[in-house]
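A short write-up of the structure that comes next.
Lettering of chains follows the sequences in order, A, B, ..., and the numbering in each one begins at 1.
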Protein chains: 2
Amino acid sequence: MKPKVTIEDIARLAGVSKATVSRVLNERSNVKAETRERVLRIMQEQGFVPSLAAAGLAGGRSRLVGVLAPPLTQPTVPEILRGVAEAIEHTDYEIVLYSTNAGQSPTTIVNRILALGLTSCLLVIQPGPLTPRLLQLASQGLPVVVIDDQGPSPELPSVGIDNCVSAYQATLHLIRLGYRRIAHLQGPAEFRCAQERYQGYRQALDDAGLPFDPALVFNGTFETSSGRTCAAALAALPPAARPEALFIANDQMAFGFLSAAEALGLRIPQDLAVVGFDDIPLSAHVRPTLTTIKQPFYEMGRNAVELLLSLLHGQSLQPTTGAEGGYQPPIRIQLPTRLVIRESCGALTLHRRQEQEHSLSDE
Amino acid sequence: MKPKVTIEDIARLAGVSKATVSRVLNERSNVKAETRERVLRIMQEQGFVPSLAAAGLAGGRSRLVGVLAPPLTQPTVPEILRGVAEAIEHTDYEIVLYSTNAGQSPTTIVNRILALGLTSCLLVIQPGPLTPRLLQLASQGLPVVVIDDQGPSPELPSVGIDNCVSAYQATLHLIRLGYRRIAHLQGPAEFRCAQERYQGYRQALDDAGLPFDPALVFNGTFETSSGRTCAAALAALPPAARPEALFIANDQMAFGFLSAAEALGLRIPQDLAVVGFDDIPLSAHVRPTLTTIKQPFYEMGRNAVELLLSLLHGQSLQPTTGAEGGYQPPIRIQLPTRLVIRESCGALTLHRRQEQEHSLSDE
DNA sequence: GCATAATATGAAACCGCTTTCATGTCAAGA
DNA sequence: TCTTGACATGAAAGCGGTTTCATATTATGC
């Protein structure tokens, strides 16, 4: 193996001390321009690249960001990570990936991560509530940014969307299409986003003056199976009691719903209109294609990295509690979502019908 | 922030030297059982976890494996990474993820990775040929394992499948279904796997005594658009000249083909049977669902990690060129694939028809 | 022209761990 | 009883950087 070029070699070749080379590396201002040039040139010639490990050790801060992610096969994750990777690339940081393969204690993982002393900050992609251990570490000063979901109250800096408003839009879309009895398949209560989506749904109903019927709210787990269960429940209903439309809290459940509905002879959107939430890749390919709220996953990844690094560089976006000691809620970056209209909501069908009627009356 | 517990603290508390603690950490044999117990207990009490960074620096080898991956949104990648992550989890190694967001020079990336001196080994998930730089480093002793594809000749230890046999099976499946004129949409020539799949296709034709018609082989890029182009080309053919079936070298292109075919009024599988290759998540959801060769991505990830670590631990699976200096090809782990029969090949339709005919003749 | 401050640089300590080498201990063999 | 090793442990030298503190050099003000 090639003997690695070290800072010492550079120093010798440039006729300066290690300290000076280090200064050049870290872009300190107090180095004579001439010296800097020379050192830089030699580094170039020698193909020198400083050891992150050594720098981290010595400097007490590393240039690795730990990324805590759920299993990568969860459909929203790759796109987020792509954003993260892209953002990281433009920096001199690297990613240490801790992908939790279902069923390990998150606390264990968090411990493992930090204790290593490799990473000095953490990016958490975690649906559902955060572990106490993580909160504890964060309160001890560890820079942490959470993507998307959080526990009951936002406790850490985060990047996400406005679930309530988005759900409102999804529901409103159904209302505008003329549906009156609109059901909701919600996510598990411990997910903040599930609650917010439910609220958005309720609000849209209220604002439209539509009655809220608790019997039309179904509980789900965010998993495909919940969609199937829900479909079965709806199919079992006497046709008269059946809702005209359904807002499902995530696409994953929507898939389960669509496939079960097909098997049960429930036609989407003719018998029942469906709107999902997430817009994961599959959503454009299921039959019928799924009308859904598009989450900007890629952008979320990018923004999370930027936020994390800015926290790290101590530009404390987080105005440190002033003299008055007032509580400052953690910073949150909220990205816009978009309603993607496809087949499952019936908008396209309605349009066509309207156009037909229109052209008929025209003639 | 909590002042990190160091090996020195443990040593003091246990009344031994740092060296001894280090020995315990590294499970060296020459430590009295009693001492080991005591040290371990103290480490436990103090919640001590050694710094990977320091260990790596001092020991000259790190416990980080660099994973070089294409953009995570490429559909085969997440599943591979899941396998990688799962395998890593059972070790005391961690993953440093270098995800290349399209369009950067791979050499640059490789340099960046290694120079950092963070990772002492590399897992490369890269479709297409390897960069010379990577080969050079590998020949200098850097442990590298490649997942799946390689350049014209296998130069590095790798984990993959037998593309030739798999393609043979895919084609044979079509032949057995009774198709005679079978076309092939192949991948780009610089991909070893593309060549091998083509060979498998040819071989199956030959063995079945079917004539090979060069006009039925189309060139693709492995991207969706190629599928569309191919569909257009086929649709333009006079019906008599049209093939009865098509083996497409990857699912991605197959999707393009299916969607374009639908638009062009080409019915799959009635007018043309299709078999793909990969079995990525979407394949079960497109219409018609895609019959395809399933690659064991998850297992590939796992196996790659295991192979890499065994190389690293110097158990040199790779019998070092003996005295006779004979050339030893790099080790390769080849995993089995499986033909997943869905709608696009027409097997289900045929079955049904046969059953119908059968029941008719029965009566 | 000289004191003073600002700037540039070097020497050495240190980050937390591994590893070599030397030392100390104790049991087996002579 | 005295070697001779095998075994257990400690002291200290790194690994490749960063950082503090001291020193040398140059610029500034009077």
For B/Gln74, enumerate each residue passing the side chain to side chain donor-acceptor pair (under 3.5 Å) test, keeping only those at least two apart in sequence or located in another chain.
none
For A/Ala87, all residues meeting side chain to side chain contact (heavy atoms under 4.5 Å, CB included), sequence neighbours excluded
A/Arg302, A/Val305
C/dT7 P sits how many Å from A/Arg28 CZ, rounded?
16 Å
I'd like to check the side chain to side chain donor-acceptor pair (under 3.5 Å) partners of A/Glu306; sequence neighbours left out, ordered by chain and number.
none
Could you pull out all donor-acceptor pairs under 3.5 Å where a side-chain atom in residues 28-40 of chain B meets a protein atom, sequence neighbours excluded?
unit_1: B/Arg36; atom_1: NH2; unit_2: B/Val31; atom_2: O; d: 3.2
unit_1: B/Arg38; atom_1: NH1; unit_2: B/Ala14; atom_2: O; d: 2.3

Could I get the full list of side chain to side chain contact (heavy atoms under 4.5 Å, CB included) partners for B/Leu13, not counting sequence neighbours?
B/Ile42, B/Gln46
Just the endpoints, please: which first and last nucleotides of DNA chain D, 5' to 3', lie under 4.0 Å from a heavy atom of chain B?
D/dA8 to D/dG16
Considering residues at least two apart in sequence or located in another chain, which fulfil the side chain to side chain contact (heavy atoms under 4.5 Å, CB included) criterion with A/Gln334?
A/Asp162, A/Arg332
The side chain to side chain donor-acceptor pair (under 3.5 Å) partners of A/Glu299 (sequence neighbours excluded) come to none
Please enumerate all residues that pass side chain to side chain donor-acceptor pair (under 3.5 Å) together with A/Arg12, with sequence neighbours excluded.
A/Asp9
Pairing residues for B/Ser17 by the side chain to side chain contact (heavy atoms under 4.5 Å, CB included) criterion, not counting sequence neighbours:
B/Ala19, B/Thr20
Note down the inter-axis angle between the two ends of the helix from C/dG1-D/dC30 to C/dA30-D/dT1, five pairs each, to the nearest 10°.
40°
Distances under 3.5 Å between protein N/O atoms and the N/O atoms of nucleotides 8-12 of chain C, please, pair by pair.
unit_1: C/dT9; atom_1: OP1; unit_2: A/Thr35; atom_2: OG1; d: 2.5
unit_1: C/dT9; atom_1: OP2; unit_2: A/Lys32; atom_2: N; d: 2.9
unit_1: C/dT9; atom_1: OP2; unit_2: A/Thr35; atom_2: OG1; d: 3.4
unit_1: C/dG10; atom_1: OP2; unit_2: A/Ser17; atom_2: N; d: 2.7
unit_1: C/dG10; atom_1: OP2; unit_2: A/Ser17; atom_2: OG; d: 3.1
unit_1: C/dG10; atom_1: OP2; unit_2: A/Thr20; atom_2: OG1; d: 2.8
unit_1: C/dG10; atom_1: O6; unit_2: A/Arg23; atom_2: NH2; d: 2.6

